[in-house]
Structure formats: C-alpha cells, structure tokens
Amino acid sequence: MSSEKIQVSPEQRAKDDAFLEDRKQKGTERYIVRHSKQARITHGVTIIACILLCISGLFVFVPPLAQAVGADAVFVVRMAHRVIGVVFVAVPLVSAILAPKGVAHIFKNLFAKWDSDDKKWMLLFFPYLFMAKWIHMPDQSEVKSGQRFADGMLWFSGALMGVTGVIMLLGSTVFDLDGGVYGVVLLLHDIGFLLIAVFGLAHIFLGAGIFQPYRGTHKLMFGDGMVSESDALYHWGHWARKEIASGEHVVEK
C-alpha cells in the first residue's frame with residue numbers, strides 16, 4: 001500500500017461527514033478490520049505476561065519486598081517469574097515466525113517518515129489531553145506519530161528486558177555469570193522495567209479508552225479487532241480513507 005498521504009479539502013471533509021450521517025440515519029455503519037486474530041492473541045498474551053513480570057519482579061529484585069514475604073514465597077515467585085519470562089519472549093518470537101510480513105509492516109509504520117500532520121499532532125497532543133472538545137487534531141496514518149514513538153520505546157524496552165532476562169536465567173542455570181557482569185545486566189534489566197512502566201502506563205491510558213476520545217479502543221485488541229468507520233476517520237484519517245477506497249478490509253454491520 002502506498003505511503004503517500006491523501007490531501008483532504010474542506011469540501012471532501014464535508015462529504016465525509018454527510019456520508020457518515022447518512023449511514024447513521026439508515027442504522028448501518030461500516031467497520032474496518034484493523035488487527036488480525038493472531039495480532040490480538042499475541043498482544044493479549046504479551047501484555048498479561050508483562051504485567052505479571054513487573055509484579056513478580058518487584059518481589060524478586062527489591063530486597064525489602066523479598067524480606068517482607070519471606071524466602072519460601074520469594075522462591076515460588078522467582079520460579080514463576082522465569083516461566084512467565086519465557087512466555088514473554090517466546091510468544092512474540094513464534095508469532096513473528098508465523099507472520100513475518102506482519103512484523104515487517106509494524107516496523108515500517110514505526111519508522112515511517114514524519115510529515116507536517118505528524119509534527120502538528122505531537123505539538124497539539126498535550127493541550128489535547130486537557131481540551132479535547134476544542135482542539136481538532138490533524139489526520140494521521142495507520143499509526144499516529146506519538147504512538148510510533150511510544151510503541152518504539154515499548155519494543156525497545158521489551159527487547160532489552162527479554163535479552164537481559166535470558167542472560168540472567170542462563171547465567172544462573174547453564175553457566176556462572178560473573179558478579180560484575182551480572183550487575184550490569186541487572187541494571188539494564190531495571191532500566192527496561194522503568195521504560196516499560198512509563199510508556200506502558202501511557203499505552204494503557206489511551207489503549208484502554210480511559211481518555212474519553214479513545215473510548216471503545218480497547219476492542220481493537222481485546223475485541224473483534226475492528227474499528228467503526230467514523231472512529232477510524234477521527235483517529236487515523238489518512239489510513240481510513242485509503243482503506244475505505246480499497247474496500248479490502250471494510251465490512252458492514
């Protein structure tokens with residue numbers, strides 16, 4: 001699919017609004033398939049594993065918490081942390097092997113060149129959080145500029161935690177990891193945790209629909225993976241118009 005943006009005139013935008021109003025009056029609305037079933041399963045398993053790893057990791061790596069629950073509980077949590085860690089690493093890898101084109105598509109979106117709409121969206125984002133009713137955000141591609149940055153950081157921090165976690169696991173089971181090396185690896189693991197905590201919370205705030213303009217977006221990953229035509233035009237105008245024009249992923253309810 002071409003990455004060229006579709007320029008929208010005020011007249012075309014008015015036609016879009018009239019078309020959506022007509023659909024609403026007829027009691028039907030079209031939806032665009034945004035995420036495949038495999039993508040939704042991979043996302044769901046990974047996010048659950050990530051949350052459990054963050055919780056269990058606190059009791060494994062934070063001495064006061066470990067002392068509070070006792071050695072026996074820490075041993076159980078440590079074993080659970082390792083098993084969940086394997087799931088956290090293995091599931092995305094298996095999914096990537098099964099759908100390499102999907103992974104390529106994800107990274108193509110993450111590293112897409114920013115245009116004037118992308119830059120304007122980022123400048124308006126923080127005012128938009130407090131004045132969403134009065135600020136009209138510019139149209140966006142399949143992945144918004146802010147989401148590209150946040151998702152990129154999640155991919156980086158997840159990979160950092162995965163790699164360092166595997167090193168520590170092998171270093172305690174297959175070979176002996178030098179104390180100094182272990183300290184460096186643990187520090188990198190902690191940095192990955194902090195990055196995931198920060199960007200993960202932002203991801204949850206928007207993705208779970210806590211922020212009013214994003215209400216219902218949780219269905220994109222924890223539902224049928226489809227977005228209504230009206231919501232698609234509101235959030236990802238450039239992408240939505242291309243999908244509507246092609247009709248390949250459009251369904252009517």
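Not measured: the values here are computed from a predicted model.
The backbone N or O of Glu252 lies less than 3.5 Å from no partner atom in the side chain of Glu29, so there is not a single donor-acceptor pair. Formation of a donor-acceptor pair under 3.5 Å by the Arg34 side chain with backbone atoms of Leu220 is not found in this model. Proximity of a side-chain donor or acceptor of Asn109 to a complementary backbone N or O of Ile106 within less than 3.5 Å is not detected. Side chain of Thr42 to backbone of Ala39: no donor-acceptor contact under 3.5 angstrom is found.
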All N/O donor-acceptor pairs, side-chain side in residues 82-91, below 3.5 Å, sequence neighbours left out:
unit_1	atom_1	unit_2	atom_2	d
Arg82	NH2	Ser172	OG	3.1

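Trp155 and Ile191 are members of different hydrophobic clusters when ILVMFWY side chains are connected at heavy-atom separations under 4.5 Å. Taking hydrophobic clusters as Ile, Leu, Val, Met, Phe, Trp and Tyr residues chained together by side-chain heavy-atom distances below 4.5 Å, Val250 shares a cluster with Val227. A single hydrophobic cluster is seen to contain both Phe126 and Tyr214, as judged by linkage of ILVMFWY side chains at heavy-atom distances under 4.5 Å, directly or through other members. Criterion: ILVMFWY side-chain heavy atoms under 4.5 Å apart, direct or through other members. Under it, Leu93 and Leu53 are part of a common hydrophobic cluster. At a threshold of 4.5 Å between side-chain heavy atoms, the hydrophobic network of Ile, Leu, Val, Met, Phe, Trp and Tyr places Val163 and Leu188 in two separate groups.
Atom CZ of Phe75 is surrounded by 12 or fewer heavy atoms from other residues, nucleotides or ligands within 6.0 Å. Around CZ of Phe125, the count of heavy atoms belonging to other residues, nucleotides or ligands within 6.0 Å exceeds 12. Phe175 CZ: more than 12 foreign heavy atoms inside a 6.0 Å radius.
Judged as a salt bridge (Lys or Arg N to Asp or Glu O under 4.0 Å), the pairs with a partner in residues 206-228 (not counting sequence neighbours) are, in order, Asp224-Lys253.
Taking the six-membered ring for Trp and the full ring otherwise, the centers of Phe193 and Phe61 sit at least 6.0 Å from each other. If you look at Phe59 and His81, their ring centroids are not closer than 6.0 Å.
The heavy-atom pair separating Trp236 from Ser141 by the smallest distance is CD1-O, 3.2 Å. Nearest heavy atom pair, residue Ala232 against residue Trp239, reads CB-CZ3, 4.0 Å. Here the shortest heavy-atom pairing between Pro92 and Thr46 reads CG-OG1, 3.6 Å. Looking at every heavy atom in both residues, Arg40 comes nearest to Gly223 through NE-O, 3.0 Å. When all heavy atoms of Ile196 and Cys50 are compared, the closest pair comes out as CG2-SG, 3.6 Å.
To the nearest 0.5 Å, the span separating CG on Asp151 from NZ on Lys144 amounts to 12.0 Å. Rounded to the nearest 0.5 angstrom, Leu206 CG and His218 NE2 are separated by 14.5 Å. Trp134 contributes atom CH2, which lies 8.5 Å from atom CE of Met131 (distance to the nearest 0.5 angstrom). For the atom pair CG of Leu187 and OH of Tyr182, the computed distance is 12.0 Å after rounding to the nearest 0.5 Å. For the atom pair His235 NE2 and Gln147 CD, the distance stands at 11.0 Å (nearest 0.5 Å). Taken from CG in Leu52 to CD1 in Ile47, the straight-line distance is 11.0 Å, to the nearest 0.5 Å.
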Open item on the list: Run the side-chain contact (heavy atoms from CB on, under 4.5 Å) test on Gln38 and Leu98 for me, step by step, so that the C-alpha distance in whole Å, both residues' side-chain angles and the decisive distance to 0.1 Å come before the verdict.
Closed with: CA-CA 9 Å; Gln38 180 181 330; Leu98 294 175; 3.9 Å; yes
- [ ] Determine, stepwise, if the pair Asp139 / Arg241 fulfils salt bridge (charged side-chain N to carboxylate O under 4.0 Å, His left out).
- [x] CA-CA 10 Å; Asp139 286 343; Arg241 290 185 181 90; 2.9 Å; yes
TODO: Apply side-chain contact (heavy atoms from CB on, under 4.5 Å) to Asp190 and Leu186, showing your working.
DONE: CA-CA 6 Å; Asp190 290 343; Leu186 179 59; 4.0 Å; yes
TODO: Verify side-chain contact (heavy atoms from CB on, under 4.5 Å) between Ile32 and Met226, making sure each step is shown before the conclusion.
DONE: CA-CA 5 Å; Ile32 303 173; Met226 294 191 291; over 6 Å; no
TODO: Evaluate the criterion side-chain contact (heavy atoms from CB on, under 4.5 Å) for residue pair Ser228 and Asp231; output intermediate values, then yes/no.
DONE: CA-CA 5 Å; Ser228 68; Asp231 284 345; 3.3 Å; yes
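Every residue meeting the ring pair (Phe, Tyr, Trp, His ring centres under 6.0 Å) condition with Phe222, not counting sequence neighbours, appears here in chain and number order: His43. Listed by chain and number, the residues in a side-chain contact (heavy atoms from CB on, under 4.5 Å) with Pro138 are Asp117, Lys120, Trp121, Leu124 (sequence neighbours excluded). With sequence neighbours excluded, the residues forming a side-chain contact (heavy atoms from CB on, under 4.5 Å) with Ala132 are Tyr128, Phe211, Pro213, listed by chain and number. With sequence neighbours excluded, the residues forming a side-chain contact (heavy atoms from CB on, under 4.5 Å) with Val185 are Thr164, Ile167, Met168, Val181, listed by chain and number.
Side chains of His35 and Met221 form a contact here, defined as non-hydrogen atoms less than 4.5 Å apart. Considering only heavy atoms from C-beta on, Ile51 comes within 4.5 Å of Ile55 through its side chain. Looking at heavy atoms from C-beta onward, Gln67 lies out of side-chain contact with Val74 at the 4.5 angstrom threshold. At least one side-chain heavy atom of Phe205 sits less than 4.5 Å from a side-chain heavy atom of Leu129.
Residues His105 and Glu142 bring a donor and an acceptor atom of their side chains to less than 3.5 Å of each other.
Using a 4.0 Å cut-off between charged side-chain N and carboxylate O, Asp118 and Arg148 make a salt bridge.
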